[in-house]
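Keep in mind it's a predicted model, so treat the numbers as computed, not measured. Atoms within each ligand, like the ligands themselves, are counted from 1 in listed order. Position 1 is the first residue of the sequence, and the numbers go up from there.
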Amino acid sequence: MSTLEIRDLTASVAGKQILHGIDMTVASGEVHAVMGPNGAGKSTLSAVLMGRPGFEVLGGTVTLDGEDVLAMPAWRRAVAGLHLVMQYPTEVPGVMLDDMLGEALTTRGRDADGLSGTLLAEAERIGLAEPLLHRALNVDLSGGEKKRNETLQLAVLRPKFAILDELDSGLDIDALRACSRRVEDLSNEAGDAPLGVIAITHYSRLLEELRPDRVHILVKGRIVESGGPELADVLERDGYAAFASPDELTPERDDAGPREQPGSLDDLFAI
Ligand code: ADP
Ligand code: MG
């Protein structure tokens, strides 16, 4: 059983404070949804948790089983068991998915011998065409294929915690169902450490298959409400209006999407 603990986390990007004291504790097997309007700081939270360059932690702590995550370079966080599925998966020309996963398992001190069998089984389970396993990472894949591909990586690497930044963006309904169901199954697996999940989204449709234990509503860098799965139903019915004033729902800039699309190679390999 593992625990990811975020305490009073504050952070800025480009000199502007975005996160204003985030508290969240996620245990193995739990699914926590973080829901919020555009510009609320959802992607900033995932970037800070993973140590993406350019995001400055101002205060607070993040620990994984008591270990100081914020002191670790990004690659160590991944090896320690944190895995980010990016909103816009990075294309990595020249790096094949199967090679990359083999390396990643080895780096984690795990056996890569059965990898090709696991890959085939997972590709079938998630509905990813087999030839895509031997293609360069995310290059020339459709939105749905990219997210199936990212979910497959999660299933092969078996991190302790997954942070899904809008797994539902750019997905058709079939791919959404396949991906969210796979993540849900990983969170329900028997054993002492099923996957813990932070599922960032602004639509509740992701949560039809991926059932949250807790729902947190993030507005302007603050969690303004936390509750059980019923909170997602309230949002679906009433929108964010019940939790935020109209000006809080109007981002200063539009969705931060284009800035993080595509994630650069520098980000991927940053230490
Ligand atoms: P969300 O994912 O909830 O839509 P983001 O975390 O992407 O929100 O953005 C939160 C705020 O931080 C927005 O005001 C956005 O403009 C700003 N921001 C995010 N990334 C950057 C960046 N790299 N440079 C400058 N501002 C940024
Ligand atoms: Mg975002």
Any Gly54 heavy atom less than 4.0 Å from ligand 1: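 False for this residue.
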Heteroatom proximity flag, [X] to ligand 1, N/O under 3.5 Å:
X: Gly41; value: yes
X: Thr44; value: yes
X: Ala40; value: yes

Please state which part of [X] comes within less than 4.0 Å of ligand 1, counting heavy atoms only: side chain, backbone, both or neither.
X: Ser43; value: both
X: Ile18; value: side chain
X: Lys16; value: side chain

Salt bridge (charged side-chain N to carboxylate O under 4.0 Å, His left out) partners of Glu67, counting only residues at least two apart: Arg76
Counterpart residues, salt bridge (charged side-chain N to carboxylate O under 4.0 Å, His left out), relative to Asp23 (two or more places apart):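 With sequence neighbours excluded, Asp23 shows a salt bridge (charged side-chain N to carboxylate O under 4.0 Å, His left out) to Arg7, given in chain and number order.
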Among Arg205, Glu208, Arg181, the one residue meeting side chain to side chain contact (heavy atoms under 4.5 Å, CB included) with Leu176: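 Among Arg205, Glu208, Arg181, the one that satisfies the side chain to side chain contact (heavy atoms under 4.5 Å, CB included) with Leu176 is Arg205.
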Hey, which atoms in ligand 1 end up nearer than 4.0 Å to a heavy atom of [X]?
X: Asn38; result: 4 (O)
X: Pro37; result: 3 (O)
X: Ala14; result: 24 (N), 25 (C)

Contact check: Ser46 to the Mg ion (ligand 2), N/O/S below 2.8 Å: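 Of the N, O and S atoms in Ser46, none lies under 2.8 Å from the Mg ion (ligand 2), which means no.
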Distance-only polar pair, side chains of Gln17 and Thr10, donor-acceptor under 3.5 Å: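 Their side chains do not contain a donor-acceptor pair, so the 3.5 Å distance test is not met.
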Row check, Phe55 ring normal vs Arg52 NZ/CZ: under 6.0 Å, within 45°: no
Under 3.5 Å donor-acceptor, Glu230 side chain and Gly228 backbone: yes
Side-chain (Lys220) to main-chain (His20) donor-acceptor, under 3.5 angstrom: no
Salt bridge flag under 4.0 Å for residues Arg158 and Glu189: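 Between Glu189 and Arg158 there is a salt bridge, with a charged N closer than 4.0 Å to a carboxylate O.
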